[in-house]
Structure formats: C-alpha cells, structure tokens
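Here, residue 1 is the first one in the sequence, and each next residue gets the next number.
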Amino acid sequence: MDDPGILYLVGTPIGNLEDMTFRAIATLKQVDLIAAEDTRHTGKLLHHFGIDTPQTSYHEHNAHKRVPELVEKMQQGISIALVTDAGMPAISDPGVELVQGCIAAGVRIVPIPVVTAGIAALTASGFATQHFGFDGFLPVDKKERRERLEVLRCETRTMILYEAPHRLLKTLEDLAEFLGGDRQIAIARELTKLHEEFWRGSIESAIAHFAIHAPKGEFSLVLEGAAPSDKPVWTDDVILRELQNLIDAGISRSDASRQLAELADLPRRQIYQLALTL
C-alpha cells in the first residue's frame with residue numbers, strides 16, 4: 001500500500017456479492033494482513049474475488065488479546081484490513097475495540113464503506129429519515145433491557161434495531177408492552193438476499209403475523225418515532241412514578257435518578273431529592 005501501518009475498515013456484502021465494491025477488493029488484495037471475524041467465512045469471499053492475502057482471526061472471544069498484537073504490527077508498518085462476516089466492521093461487533101486501540105496508538109484508520117442492513121432497512125421503511133438512531137440488538141439482561149425499552153418509549157426519532165429470528169417474537173412483545181401495540185414498525189428480512197422481504201404495520205399486527213409465519217433469516221427492525229405529544233410532562237408525580245418503576249426493576253436509587261435525569265433532561269440533584277422521598 002502507499003501508506004503502510006494503516007487499519008482499513010473494509011465493508012463486505014450483507015448478502016448479495018454484487019454489492020462488493022471495487023475499492024474493497026483492491027484494498028483486500030494490497031494489505032499485508034486481513035483480520036476476519038470468521039476466517040472460514042471470509043475465506044469463501046476472498047476465493048470468489050481471487051484474493052490470496054493471509055488472514056488472522058479477530059472476534060469477540062479473542063479481541064482482548066488480538067488488539068495489542070495487531071496495533072503493534074501496524075506500528076511496525078504492516079497494513080491490516082478488518083472485516084466482519086457481513087457489512088461494516090465495528091457495527092454491533094468487537095471491531096470498535098481495535099479502532100479505539102488504533103486511535104490511542106496514533107495509527108491511521110481508513111473506512112472502506114459498503115451497504116449496511118440498518119440503513120438499507122431505514123430507507124425503505126417509509127418513516128422519517130431526517131432524524132434517526134441505531135440501537136443494535138436490545139440487551140438480553142432483563143434489567144438492562146427494561147432500561148433501553150424505557151428510553152425507546154419516548155424516543156421521537158426513527159429507531160433501528162437488529163434481531164435474530166429466534167428472539168424476534170419476544171422482542172416484538174416487549175416493544176408492544178413498552179411502546180404500545182399500535183406503534184408502527186417496518187421489519188426487513190434477509191436484505192439484499194434472494195428471499196429479501198419487508199413487512200410493515202403495527203407492532204401488534206407484526207406479532208400476529210410472525211406467530212403464524214415462523215421467523216427465518218436475519219431481521220432489521222425500524223420503529224416509527226413517538227409523537228412529541230407522547231413525551232411525558234415531567235411533573236413531580238410523573239417523576240416519582242417512573243423512579244418507583246425503575247427501583248422496582250432492581251435499579252439502585254442513585255442509578256435510577258441518573259437515568260431519569262438523562263431521559264427528562266433535568267438536573268440529577270433535583271431527581272435524586274425526589275427519590276429520597278420514596
């Protein structure tokens with residue numbers, strides 16, 4: 001490469017191999033090493049495009065060990081391309097840890113973009129795109145999951161989520177409980193692949209649909225934002241009720257005050273003083 005010692009974040013297709021860019025192919029051919037989430041999976045992609053650059057594994061289970069090793073290589077002048085199984089590295093995968101390590105070490109980072117499932121789903125959702133957010137996979141931990149759903153309940157931006165097929169119905173049920181069954185949702189399945197499919201309607205209708213049609217493939221969920229009028233007026237009674245809900249869910253008084261202060265955009269001290277009255 002013209003500039004050695006660089007980390008290239010190389011996007012790969014999320015399904016359709018024709019989405020691979022000329023720049024991505026050229027980069028993968030020219031770097032010294034490819035750090036891949038799954039070397040077997042990436043090996044098939046490399047073979048398809050005639051790329052023989054050596055690989056090393058980099059995934060969530062070895063990231064803590066690989067980050068210093070890879071950073072040291074780049075500091076020595078070796079150029080590395082980071083790839084994930086599909087889409088852009090560092091989106092809902094441990095690539096962000098390597099990016100942070102490179103920033104701390106002063107290593108240059110160059111993104112090589114490609115289509116991402118969340119943005120593709122958003123553009124075809126029919127919901128507002130001027131303001132949107134990405135929340136990835138909801139937490140599995142019950143306490144953390146409830147906290148995220150509480151935030152989503154009043155979020156006025158269009159929001160993008162990812163979900164696996166075996167958890168889709170559970171997530172839809174949780175969304176209905178916290179956001180209301182009439183909230184509109186667009187659900188994209190197997191984007192760019194042969195069986196690409198969009199489903200649009202209310203969360204309640206989505207539950208009925210997928211209870212009959214077993215979810216298959218990877219899903220991107222696009223949630224319509226809450227109407228501004230749906231945002232609560234933060235009276236003392238409302239604050240106390242929300243604090244009690246959080247505390248009942250097992251969250252400490254201090255953490256509940258902090259979370260509610262962020263959500264309501266009010267001073268934490270004001271919230272905490274109310275919490276002391278519970």
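A 4.5 Å side-chain heavy-atom check between Gln75 and Cys102 finds every atom pair outside the cut-off. Looking only at side-chain heavy atoms (C-beta outward), Asp135 and Arg148 come within less than 4.5 Å of each other. Side-chain contact between Leu191 and Phe198 is present, with heavy atoms from C-beta onward closer than 4.5 Å. Contact check for Met88 versus Thr84: no side-chain heavy atoms found under the 4.5 Å cut-off. Contact annotation: the side chain of Leu122 approaches that of Ser125 to within less than 4.5 Å [non-hydrogen atoms, C-beta and beyond]. Considering only heavy atoms from C-beta on, Leu46 stays 4.5 Å or farther from Asp52 through its side chain.
There is a path of hydrophobic side-chain contacts, each under 4.5 Å, that joins Ile119 to Phe134. Under a hydrophobic-cluster definition in which Ile, Leu, Val, Met, Phe, Trp and Tyr are linked whenever side-chain heavy atoms come within less than 4.5 Å, directly or via other members, Val238 and Ile271 are assigned to the same cluster. In terms of hydrophobic clustering, with Ile, Leu, Val, Met, Phe, Trp and Tyr side chains grouped at heavy-atom distances under 4.5 Å, Val151 and Leu260 are assigned to different clusters. Taken together through direct or relayed side-chain contacts under 4.5 Å among Ile, Leu, Val, Met, Phe, Trp and Tyr, Tyr272 and Ile247 form parts of separate hydrophobic clusters.
The CD1 atom of Ile80 sits 5.0 Å away from atom CG of Leu33, with the distance rounded to the nearest 0.5 Å. In this structure, CD on Glu262 lies 7.5 Å from CD on Gln259, to the nearest 0.5 angstrom. Here the CG atom belonging to Leu45 is positioned 7.5 Å from the CG atom belonging to Leu28, to the nearest 0.5 angstrom. Between the SG atom in Cys154 and the CG atom in Leu263 there is a gap of 5.5 Å [rounded to 0.5 Å]. Of the inter-residue distances, the one linking Gln30 atom CD with Ile25 atom CD1 reads 11.5 Å to the nearest 0.5 angstrom. A distance of 10.0 Å separates OG1 of Thr12 from CZ of Phe49, quoted to the nearest 0.5 Å.
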The test is side-chain hydrogen bond (donor to acceptor under 3.5 Å, both in side chains); show your working for Arg66 and Ser57 and say whether it passes.
CA-CA 8 Å; Arg66 281 285 193 266; Ser57 65; 3.3 Å; yes

Checking Ser202 against Asp182 for the side-chain hydrogen bond (donor to acceptor under 3.5 Å, both in side chains) test, could you report, in this order, the C-alpha distance in whole Å, the side-chain angles of both residues, the deciding distance, and whether it holds?
CA-CA 5 Å; Ser202 69; Asp182 58 348; over 6 Å; no

Please report the C-alpha distance between Ile103 and Arg108 in whole Å, then the side-chain angles of each, then the deciding distance to 0.1 Å, and finally whether the side chain to side chain contact (heavy atoms under 4.5 Å, CB included) criterion is met.
CA-CA 7 Å; Ile103 292 172; Arg108 184 182 171 197; over 6 Å; no

Carefully, step by step, assess Gln244 and Leu240 under the rule side chain to side chain contact (heavy atoms under 4.5 Å, CB included).
CA-CA 6 Å; Gln244 190 64 62; Leu240 286 168; over 6 Å; no

Please step through side chain to side chain contact (heavy atoms under 4.5 Å, CB included) for the pair Ile239 and Glu242, ending with a clear verdict.
CA-CA 5 Å; Ile239 293 172; Glu242 293 297 325; 5.9 Å; no

Between Arg157 and Thr129, is a side-chain hydrogen bond (donor to acceptor under 3.5 Å, both in side chains) present by the stated rule, with each step listed?
CA-CA 8 Å; Arg157 296 175 300 166; Thr129 58; over 6 Å; no

Yes or no on side chain to side chain contact (heavy atoms under 4.5 Å, CB included) for Ile6 and Ile109, after CA distance, side-chain angles and deciding distance?
CA-CA 6 Å; Ile6 296 174; Ile109 302 166; over 6 Å; no

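Look at Lys193 and Glu196 and you find no salt bridge, because none of the NZ, NE, NH1 or NH2 atoms lies under 4.0 Å from a carboxylate O. Arg153 and Glu177 are not joined by a salt bridge, as no carboxylate oxygen comes within less than 4.0 angstrom of a charged side-chain nitrogen. Ion pairing between a basic and an acidic side chain is recognised when a charged N comes within 4.0 Å of a carboxylate O; Lys170 and Asp174 show such pairing. Ionic pairing of Arg40 and Asp38 is present here: one or more N-O contacts between side-chain nitrogen and carboxylate oxygen are shorter than 4.0 angstrom. A salt bridge does not link Glu69 to Lys73: none of the charged side-chain nitrogens sits closer than 4.0 Å to a carboxylate oxygen.
A donor-acceptor contact closer than 3.5 angstrom links the side chains of Thr171 and Glu163. Between the side chains of Ser252 and Arg258, not a single donor N or O lies within less than 3.5 Å of an accepting N or O. For the 3.5 Å distance criterion, the side chains of Ser220 and Arg189 fail to qualify, holding no donor opposite an acceptor.
Of all heavy-atom pairs spanning Glu218 and Pro165, the tightest one is OE2-CD, 4.1 Å. Minimum heavy-atom separation, Asp19 to Val114: O-CG2, 3.6 Å. Taking each heavy atom of Leu278 and Leu243 in turn, the nearest pair found is CD1-CB, 3.8 Å. Closest approach of Ala36 to Thr42, counting heavy atoms only: CB-OG1, 3.5 Å. Nearest heavy-atom pair, Glu155 versus Arg183, reported as atom, atom and distance to 0.1 Å: O-NH1, 4.5 Å. Nearest heavy-atom pair, Leu70 versus Ala35, reported as atom, atom and distance to 0.1 Å: CD1-CB, 4.1 Å.
Under a 4.5 Å side-chain heavy-atom criterion applied to ILVMFWY residues, the cluster that includes Leu168 comprises Leu138, Leu149, Leu152, Met159, Leu161, Leu169, Leu172, Leu175, Phe178, Leu179, Ile185, Ile187, Trp199, Ile203, Ile207, Phe210, Phe219, Leu221, Leu223 as well.
Sparse packing is recorded around CD of Glu18, with 12 or fewer heavy atoms of other residues, nucleotides or ligands lying under 6.0 Å away. With a 6.0 Å radius and a threshold of 12 heavy atoms from other residues, nucleotides or ligands, Asp265 has its CG atom at or below the threshold. For OH of Tyr162, the number of neighbouring non-hydrogen atoms (other residues, nucleotides, ligands) closer than 6.0 Å is greater than 12. Around CD of Gln184, the count of heavy atoms belonging to other residues, nucleotides or ligands within 6.0 Å exceeds 12.
Using a distance-only test at 3.5 Å, with no hydrogens or angles considered, a donor-acceptor pair links the side chain of Thr158 to the main chain of Ala128. Put simply, the side chain of Thr123 gets close to the backbone of Ala120: a donor and an acceptor are under 3.5 Å apart. Judged purely by atom type and a 3.5 angstrom limit, His209 has no side-chain atom pairing as donor or acceptor with the backbone of Ser205. Between the Glu37 side chain and the Asp85 main chain, a donor and an acceptor come within less than 3.5 Å of each other. Of the possible donor and acceptor atoms, none in the side chain of Glu190 sits under 3.5 Å from a partner among the backbone N and O of His195. Within the 3.5 Å criterion, the main-chain N or O of Asp32 finds a donor-acceptor partner in the side chain of Ser79. Side-chain N or O atoms of Asn62 include none that pairs as donor or acceptor with a backbone N or O of Lys65 at under 3.5 Å.
Checking each of Thr39, Val10, Ile112 against Val83 for a side chain to side chain contact (heavy atoms under 4.5 Å, CB included) leaves exactly one that passes, namely Val10.
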